[in-house]
Structure formats: structure tokens, C-alpha cells
Amino acid sequence: MNRLATVFADTRAHNRAALIPYVTAGDPSPLLTVPLMHTLVDAGADVIELGVPFSDPMADGPVIQRATERALTYSVTMRNVLEMVMDFRRQNQQTPVVLMGYANPIEAMGIEQFAREAASAGVDGVLTVDYPAEEAQPITDALAEVGLANIFLVSPTTPYAREQAVLKQASGFIYYVSLRGVTGAALSDLDEVRAKVEELKAQSSLPVGVGFGIRDAETAQKMSAFADAVVIGSSLITAMEEVAPQGDAAVLAAAYGLLSPIRAVLQR
Amino acid sequence: MDYTQYPDARGHFGPYGGIFAPETLMHPLAELTEAYAKYRVDPDFLAEFEADLQHYVGRPTPLYHAQRLSAHLGGAQIHFKREDLNHTGAHKINNTIGQAMLAKRMGKTRIIAETGAGQHGVASATVAARMGLECVVYMGAEDVARQAPNVARMKMLGATVVAVESGTKTLKDALNEAMRDWVTNVDNTYYIIGTVAGPHPYPMLVRDFQSVIGRETKQQSLTQLGRLPDAIIACVGGGSNAMGLFYDFLNNDGVAIYGVEAGGDGVETGRHAAPLCAGRPGVLHGNRTYLMQDDNGQIIGTHSISAGLDYPGVGPELSFLKDTGRANFVAITDDEAMEGFRLMTRMEGIIPALETSHAIAYATKLAPELSKHQHIVVNLSGRGDKDMNTIARIEGWTL
């Protein structure tokens, strides 16, 4: 069983939702990314979503745009991100790492080459915002070849027929975008989210995580009642951003401080 | 090869194009594809579009024989397709009329647009005003500064102009921001993309709405010249005026096609906006196409005197035409474009946009290589009033 399946089997067995924090690789600085990943695990992260910086993050809100721009001041590349994962794996062989980003850095490396290097670095899954199911078959095949999950977004605007097409290629888990909007926007209607998550779970045995717009423990707890995982991104980055001038230790403490109370409320 | 077969049902022009969009936009894009498939053959829709082009835009635009410029260059006869005479001063309105008609039929109450030089923003604000739709235009902060007259026009027309401060503060960042708006407000909002780029069906539908340029040019060539031109030339930023002129000629092998990209300080300097001349294929803004990018797939900053050409990508159909060899792509530097601008203004009494000046500059290179009995058509895609500030600065004048 791969790392993602192991984690979700474990959280299911313990009747809780998995915690998936998102950080952008290289933010606030490339040297801090691996220590930050270990801190996230210490704070209770079950899976780490690691953003691959891209110059044109068209689906991201201002918070993750800023994180991306900070990372790009260090010219963080896809290969740098894979090196960070490799480095993380020296101490941690259990926690799955999912790369989240955009198609072009993958295209620049070549899809097959990327899949091979990601697998050997210790990546577990890949989520590419601008590879929808219609254009994703080449990367789905390349990732499957090396045993990596291709993780897809499903949104409130995804009709039932499209869900079917997405589920045909999806593996690892389904990432349900809980709002119409970019990352970090305000969450709208919890009942709508619940209905859609339950619709997805009825069609697939894959776990369904929920993200975009989960800002605090209270919302996370509500989501955890029906979602298999909650993703925390923009609010985590904001917490770190606020203390960044105080140095690396403050950044790590802020990440820990934001996540651990959320982790505590995910037990159903 | 029959070029009218493209794109295929999934929006591909050979390996280019497609729908590389975030999941939230996939269903709205499918709805747009469906609506367009219905209305592109709907007699009422087409009649309304035709009538608007005639009575509101002022079509057909003339095909003007620039005799003095042709004689000065001593080669082929140069003719200008006068898109600068359209209402709002550029070809952009052909497309915004068509898309606003779609928006209205799809029940959308709000339109958004991105703009570089501001011509598409003005054309969008114009149709929004006329149709009573709310309009928000995203424009890179750098472009807001260098295209002030167009910003003022959009505001007069009632549009909200949002200066985009992220990234390079130019057209690509305006496009990112417009996409983010659309993702957020997808239920009531129609996104009028101004060029033949973006996810399918935009490259196709923008091309179709602009293809009136080439259809008229073909008719006018047959009437005025007694035959088709030997060469057609258009500047290429995203490529809407180029595809508009080229499309009806793609299956006419005897007509040479030239797309002119912004060479900036010179393609060899790296400071330019010429992805077809010096880029490689990748994925950006919803489609696969030639891009200006570094080895790691990051999009790199572009440079051009002209805000409308300052874009690191290009429409996927133009990438396809490059690979098939049907069209030739060349680059014209900032300085060469300024020379073309001066020559055109002084010899023909027409003040062209700086974007268009790139196409004119290439015509001045090509014409002398051809005989006096040959004919070149240049798409005079827009007028230059909006560039007053930039021109005055370069020429050292105080306005």
C-alpha cells in the first residue's frame, strides 16, 4: 500500500479527518522549507501539500500569489522542489507529499521525466491546476507508470457528468474545491459542500478532501464531519507571513500554533 | 491541407490549443462552447452581428492603396486594410460586439475583460455601455500608466478599470487577474477575451468574429486589384488582428502570410515579445502554444514599446501555422517600428498605433524585394491616438 492509502486507512480507522497543510516550496526561504515540513508533521499534518512556484498562478488568491512571488525571488525550480522532498524523506518516510502547481514547469521538464524524478524523490501525488481531465491523460499515464497518484480538483460548478470523467482518471484522493473562487476566498455554503462531497463519495471509493476557504478550527471541524481531509493553505501562509520579520523560529512556531488546534478538532 | 478544419472538437490546432483551465471554469467553458455552436449558425444572431458591424462599427472598412508610400519604397504596391477606421479605433470591436451578443443571450449581466494597450478594454466598455451591462477591465499597472488616454475613455464609458499590481504588471498579469475574477463570479459573469488565445472555445470564436477582416479584404482585392494579394501582413501580440486577416486566406497557397512580432530591443538581446520567433511551446492561460519562458518553465518578462504586443504567449492557431510553415513569423524592433510609424504618418497622413507600426515596418522591408506589379495588404489594425504620450516621450516633445 502506498503512503496516501496508508494514511487514509489510518484516519478512517481512527474516525477522524486527515489534516493537509499547504505551503509553497521556497517560502519564506528555500532553506526553511524542509524544517517547515517537519514542523507541519509535528503539528499533526497527515499529508503535506507542497506548492511548486509558478510565475502565473492564475487560480490562486493574493496570499498564495505573494508566497509564490517570495519563492521566485530565490528562483526556486521544479528540480529544487524535488530536492527538498528528497531531503525531507531522509528523516520522514511516512508522511505523503503531494505537489500542487501548474502545468508549464512540468511541461518544461517533460511529463515522463518529471514523473520519474518525482517518484525517485519520494513524492506521492501530483495535483496540477491546469490539467483538467480533458487534457490530463498523458500525465495520468506517466504518473501511474511510476506509482504516483494524479489528484484532481472537483468544484461546485462541476456537473455530475464531468465528475464521472474526472473520477476515471483520479487516484490518491479527490480534492473538492469548497467555493467558487481562488484559493483563500471566503467560504459560502456548508450544506452545498456537504451535498457535493457526499455525491462524490457515493460514486467513488477515493477519499474526498475539502479545501479553499477553510480558515480556522471551527470551519475545519464542521468540514471534518463529512470530509475525509481538510486542506489548510492561505490561512497558514498568512500566519507565517505575519511573523516572518521575527525570523525562522517564529515562522515555524506560527505554523505549529495555527495547525495543532485544528488537528485537535478533526476527531469525529 | 484544409485549414478550415481546425480546431478539432476539443479545441486543438494540431498539438496546440486545448482547454488547460482550472476545474471551476471547465463547465462555464463547456456552456460557452455549446452556446456558440448554437448561435454561430443562428440566422437572427448572424443578422444582428452583420447589422451592428455595418451601422455601429462602420464596416466594411476600406482597402486603401498607399500610393505615395509604395512609390517611395519602389517595390510592391502596399494596401492598408483600414481597421483603424472602425468605431473605437481598432479591430477589437468586431470581437467584443460578437461576444457581448453571446453574453446577453447566455443571461450574463456582468462582463469582464483584460487589456494591454487598452483597445480591447475600450471596445469592451463600449459594448457594455450600449447593452447596459456592468463592465470591469483588468489592466497591468504599467500599461495603465503608458496608455492613459484609453484608461480615461474606459472610465467615461462607465467601466471600472482595475490596475493589476502583481507579477510584471502587464497584459499577462491582467489576464491572470481576469481569470481569477471569472473563477469567483462565474455565475453572472461573461469573460470577453480580447485575443485568439485562452482556453477553447476562445481562440476559435475570437478568430471567427475577427475573420470579417479577411473576408472583406479578399472581396476588395478581387474588385480593386482584380486578384488576390501576393502577401498579407499583420502584427502579432496575442494574434487577433492577424488571425482576422489571415483566416480567409489560409487555403490560398499563392498568398504569402507574414506575422510580425515585437522584437523590442532586438531578439538577440532577450528583451522582446516574440515567442514565435524565439520561444518554445508550453502551457499558459488555458492553451498550449509558443511561450517566452526560461528553462524551468517560468514565464519571462517581455519587452516592447507597444503595450498591445507585450505578451509572452500567442494564439495557438498561429503556433500551428508556424509549425506547418503556412505563415512566416518575423520580428521588428522598437526602433524599426518607430521608423515605420514616422514614415506612415508623414507619407500617408495616417497615424497608426504602435502595434500596427510593427506590421508597417515589415512591409517597408518586404515591398522593395517585390515587383511594382505585386500587391501587399497590411492590416492597419488600430489608430495611434492612444500612443501620444509614448511618441511624445520618444520624440522629446512636451505635451
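Hydrogens, waters and symmetry mates are skipped; everything else that's a heavy atom, side chains included, is used. Here is the naming used below: chain letters follow the sequence lines, and residue numbers restart at 1 for every chain.
- Shown here for B/Arg10 and A/Glu134, the closest heavy-atom pair between the two residues is NH2-O, 2.6 Å.
- There is no contact between A/Val52 and chain B, counting heavy-atom distances below 4.5 Å.
- With hydrogens and angles ignored, the 3.5 Å screen pairs a side-chain donor or acceptor of B/Gln298 with a backbone N or O of A/Pro53.
- In terms of heavy-atom pairs under 4.5 Å with chain A, the best-connected choice from B/Asn296, B/Ile300, B/Leu291 is B/Asn296.
- Looking at B/Ile299, the atoms closer than 4.5 Å to chain A (heavy atoms on both sides) sit in the backbone and in the side chain alike.
- Contact annotation: the side chain of A/Glu107 never approaches that of B/Arg280 to less than 4.5 Å [non-hydrogen atoms, C-beta and beyond].
- Here B/Asp294 contributes atom CG and A/Ser55 contributes atom OG; the two are 7.5 Å apart, rounded to the nearest 0.5 Å.
- Note that the CD atom of A/Glu69 and the OG atom of B/Ser166 stand 6.5 Å from one another [nearest 0.5 Å].
- Contacts of A/Pro156 with chain B are absent, with no heavy-atom separation under 4.5 Å from either backbone or side chain.
- Within a 6.0 Å radius of CD in A/Glu145, no more than 12 heavy atoms belonging to other residues, nucleotides or ligands are found.
- In terms of heavy atoms, B/Glu23 sits closest to A/Ser155 at CG-N, 3.8 Å.
- Neither the backbone nor the side chain of A/Ile106 comes within less than 4.5 Å of any heavy atom in chain B.
- From A/Arg180, atom CZ reaches atom CG of B/Leu25 across 12.0 Å, with rounding to the nearest 0.5 Å.
- Here the shortest heavy-atom pairing between A/Pro132 and B/Ile19 reads CG-O, 3.0 Å.
- Annotation: the span from A/Asn104 atom CG to B/Phe20 atom CZ amounts to 10.5 Å, rounded to 0.5 Å.
- Proximity to chain A is absent for every atom of B/Leu175, based on heavy atoms less than 4.5 angstrom apart.
- Of the possible polar contacts, none joining the A/Thr157 side chain to the B/His27 backbone as a donor-acceptor pair under 3.5 Å is found.
- Chain A forms the most heavy-atom pairs under 4.5 Å with one residue out of B/Val183, B/Asn185, B/Thr168, and that residue is B/Val183.
- Of residues 108-116 of chain A, those residues with a non-hydrogen atom less than 4.5 Å from any non-hydrogen atom of chain B are, in numerical order, A/Ala108.
- The shortest side-chain heavy-atom distance between A/Phe54 and B/Leu284 falls under the 4.5 Å cut-off.
- Proximity to chain B is limited to the side chain of A/Val166, based on heavy atoms less than 4.5 angstrom apart.
- Checked for salt-bridge contact, A/Glu135 and B/Arg288 miss the test: no charged N lies under 4.0 Å from a carboxylate O.
- Annotation: residues 78-85 of chain A contacts chain B through no residue [non-hydrogen atoms, separation under 4.5 Å].
- For the atom pair NE2 (B/His285) and CG (A/Asp130), the distance works out to 10.0 Å, reported to the nearest 0.5 Å.
- With chain A as the partner, the residue from B/Val186, B/Asp173, B/Thr184 showing the most heavy-atom pairs under 4.5 Å is B/Thr184.
- Here the closest non-hydrogen pair linking A/Asp60 and B/Arg180 is O-NE, 2.9 Å.
- Between the A/Arg162 side chain and the B/Met26 main chain, no donor and acceptor come within less than 3.5 Å of each other.
- Atoms CG and OG1, on B/Asp295 and A/Thr77 in that order, are 10.5 Å from each other to the nearest 0.5 Å.
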